[in-house]
2 protein chains.
Amino acid sequence: MKRKSFREAECPVARALDAIGDWWSLLIIRDAFDGLRRFSEIQQNLGIAKGMLASRLREFVKLGILELVPASDGSAYQEYALTEKGRGLFLVVVALRQWGEGHLYQKGEARSLLVDTRTGQPVAPLRLYAADGRAIDWPETRVESKVAERAL
Amino acid sequence: MKRKSFREAECPVARALDAIGDWWSLLIIRDAFDGLRRFSEIQQNLGIAKGMLASRLREFVKLGILELVPASDGSAYQEYALTEKGRGLFLVVVALRQWGEGHLYQKGEARSLLVDTRTGQPVAPLRLYAADGRAIDWPETRVESKVAERAL
DNA sequence: AAATCCAGTTCTAATTTAGAACCACTCGAC
DNA sequence: GTCGAGTGGTTCTAAATTAGAACTGGATTT
């Protein structure tokens with residue numbers, strides 16, 4: 001049956017997953033962050049079916065995560081570029097990456113690494129901070145429900 | 001046909017998505033972070049089919065993201081609790097939440113909010129830092145391929 | 001102008017999902 | 001202690017989604 005939708009959910013996590021929570025979406029977006037911009041580049045890099053990729057890209061454009069721009073090599077083709085909204089997903093990809101690095105590899109397995117181009121050093125692990133600058137963790141947080149815009 | 005697997009991928013993002021990248025997984029994990037621990041609580045909260053939930057929970061236990069523990073109310077039932085590995089996904093959920101907050105709501109729509117229990121204030125937006133403490137962004141980063149354990 | 005590349009679309013078959021029905025065990029009330 | 005409800009699933013079927021191959025039409029290369 002049709003997949004349940006969370007487009008109208010009150011929880012931002014659910015809405016986010018409604019937009020990009022399917023099997024391929026974040027992989028495609030990761031490729032975009034890695035500089036792949038052409039349909040065939042992404043298709044070959046992921047080994048995804050062309051129909052799947054076409055439908056995902058169409059949806060990303062509709063959602064404003066990617067946009068079609070003229071090809072950077074001057075040809076008549078177009079390329080997919082991350083919008084501001086799409087670039088906002090960078091920390092989601094980084095968080096997934098850091099979790100994967102820490103929990104999904106055996107010793108000695110090769111992995112790719114995110115580095116600071118200025119120094120060539122790996123980036124620091126993400127941390128969560130409270131409004132007053134204290135580093136905090138899950139147990140020090142709580143989700144408050146149904147907060148309206150006015151209250152923000 | 002069968003979904004492609006990235007369990008052996010060299011990219012930690014791909015491995016992470018192989019483990020938790022399907023439609024329901026992060027929603028179930030979000031519920032776990034929200035304190036839901038019983039099968040029926042999660043099932044009713046998400047409106048997920050019981051078979052789906054059972055298969056996802058089974059896999060999370062197998063992956064070491066959740067574990068079965070005796071019910072905290074002293075009954076003969078069991079509960080699902082996040083392991084250390086599972087708690088490591090907190091920042092993934094927070095990153096998704098913050099992206100959703102920033103890009104998926106109209107003005108005036110109600111949303112839930114993550115707050116610091118100490119002060120009741122919303123948490124700060126996540127930021128990425130280089131090893132030397134500079135805050136950096138996507139354009140200042142690059143992915144290096146095939147780095148072996150020894151080199152870390 | 002022929003051959004090849006690019007960016008898809010269309011088609012079919014296999015896999016996955018939703019939802020309902022069912023089941024055994026536990027609990028709470030009487 | 002037993003009856004009804006609740007818990008934590010499993011099994012079944014139908015519908016939706018996905019993979020992969022084949023095809024298409026315009027752009028590019030030779």
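Within every chain, numbering begins at 1; the chains are lettered A, B, ... in the order of the sequence lines, protein sequences first and strands thereafter.
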A.B. asks: By nearest atom, which of the nucleotides D/dT28, D/dT7, D/dA19 is closest to the A/Ala49 side chain?
C.D. replies: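 The closest nucleotide is D/dA19.
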A.B. asks: Go nucleotide by nucleotide along DNA chain C from the 5' end; which of A/Arg58 and A/Tyr77 gets its closest nucleotide reached first?
C.D. replies: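 Looking at the nearest nucleotide for each, A/Tyr77 comes out on the 5' side.
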A.B. asks: Where the side chain of B/Phe39 is defined as all heavy atoms beyond and including C-beta, which of D/dG8, C/dG19, D/dT28 is the nearest nucleotide?
C.D. replies: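 The nucleotide sitting nearest to the side chain is D/dG8.
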A.B. asks: What is the separation between atom CE on B/Met52 and atom C1' on D/dA14, rounded to the nearest whole Å?
C.D. replies: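 Value for this atom pair: 16 Å.
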A.B. asks: Closest nucleotide of DNA chain C for B/Gly47 versus for A/Ser40: which of these residues is on the 5' side?
C.D. replies: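 This one resolves to A/Ser40.
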A.B. asks: Find the distance between NE2 (A/His103) and CG (B/Leu63) and round it off to the nearest 0.5 Å.
C.D. replies: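 One finds 12.5 Å between NE2 of A/His103 and CG of B/Leu63.
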A.B. asks: Test your reading of the model: is there a side-chain donor-acceptor pair from A/Glu140 to the backbone of A/Asp137, 3.5 Å cut-off?
C.D. replies: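 Yes, the answer is positive, given that a donor and an acceptor are paired below the 3.5 Å cut-off.
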A.B. asks: Counting heavy atoms from C-beta on, name the nucleotide in D/dT10, C/dC6, C/dG8 closest to the side chain of A/Lys50.
C.D. replies: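 Nucleotide nearest to A/Lys50's side chain: C/dG8.
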A.B. asks: Check the distance between C/dA18's P and B/Arg56's CZ and give it to me in whole angstrom.
C.D. replies: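 It is 9 Å, rounded to the nearest whole Å.
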A.B. asks: For A/Ser55 and A/Gly74, take the nucleotide of DNA chain D holding the closest heavy atom to each; which residue's nucleotide lies nearer the 5' end?
C.D. replies: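 First, find each residue's nearest nucleotide; the 5'-ward one identifies A/Ser55.
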A.B. asks: Students often mix this up, so state it plainly: with edges at 30° and 60°, are the rings of A/Phe6 and B/Trp24 parallel, tilted or perpendicular?
C.D. replies: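 Geometry flag for B/Trp24 against A/Phe6: perpendicular rings.
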A.B. asks: To the nearest angstrom, how far is B/Gln43 atom CD from C/dA18 atom C1'?
C.D. replies: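 In whole Å, C/dA18 C1' and B/Gln43 CD are 12 Å from each other.
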A.B. asks: Round to the nearest Å and state the distance from A/Gln44 atom CD to D/dG20 atom P.
C.D. replies: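 Atom CD in A/Gln44 sits about 15 Å away from atom P in D/dG20.
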A.B. asks: For A/Gln78, report the nucleic acid contact type (base, sugar-phosphate, nothing); a contact means any heavy atom under 4.0 Å.
C.D. replies: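 If one applies the 4.0 Å heavy-atom cut-off, A/Gln78 turns out to touch the sugar-phosphate alone, with no base involved.
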A.B. asks: Report yes if a side-chain nitrogen or oxygen of B/Tyr80 is closer than 4.0 Å to either non-bridging phosphate oxygen (OP1 or OP2) of D/dT7; otherwise report no.
C.D. replies: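 No, B/Tyr80 has no side-chain N/O under 4.0 Å of OP1/OP2 on D/dT7.
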A.B. asks: For DNA chain D, whose closest nucleotide is more 5', that of A/Asp22 or that of A/Ala76?
C.D. replies: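 First, find each residue's nearest nucleotide; the 5'-ward one identifies A/Asp22.
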A.B. asks: Without decimals, in angstroms, what is the distance between A/Asp73 CG and C/dA7 C1'?
C.D. replies: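 Going from A/Asp73 (CG) to C/dA7 (C1'), I get 14 Å.
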A.B. asks: Please report the distance, rounded to the nearest Å, between CG in A/Leu46 and C1' in D/dT18.
C.D. replies: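 That distance rounds to 15 Å.
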A.B. asks: With the side chain of B/Arg38 defined as its heavy atoms from C-beta on, choose the nearest nucleotide among C/dC27, C/dA7, D/dT7.
C.D. replies: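 Out of C/dC27, C/dA7, D/dT7, the nucleotide with an atom closest to B/Arg38's side chain is D/dT7.
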A.B. asks: How many angstroms lie between CZ in A/Arg15 and CZ in B/Arg97, if you round to the nearest 0.5 Å?
C.D. replies: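 If I round to the nearest 0.5 Å, the distance is 12.0 Å.
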A.B. asks: Look at the side-chain N and O atoms of A/Arg37 and state whether any lies under 4.0 Å from the OP1 or OP2 oxygen of C/dA7.
C.D. replies: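 No.
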A.B. asks: Can you tell me how far CD1 of B/Ile28 sits from CD1 of B/Ile20, rounded to the nearest 0.5 angstrom?
C.D. replies: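 Output value for this atom pair is 11.5 Å.
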A.B. asks: Using whole Å, report how far CD1 of A/Ile48 lies from P of D/dT18.
C.D. replies: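 The answer, rounded to whole Å, is 9 Å.
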A.B. asks: Give a yes/no answer on whether the side chain of A/Trp23 brings an N or O atom under 4.0 Å of OP1 or OP2 in D/dT17.
C.D. replies: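 No.
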A.B. asks: What integer distance in Å separates B/Leu53:CG from C/dG19:P?
C.D. replies: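 In whole Å, C/dG19 P and B/Leu53 CG are 14 Å from each other.
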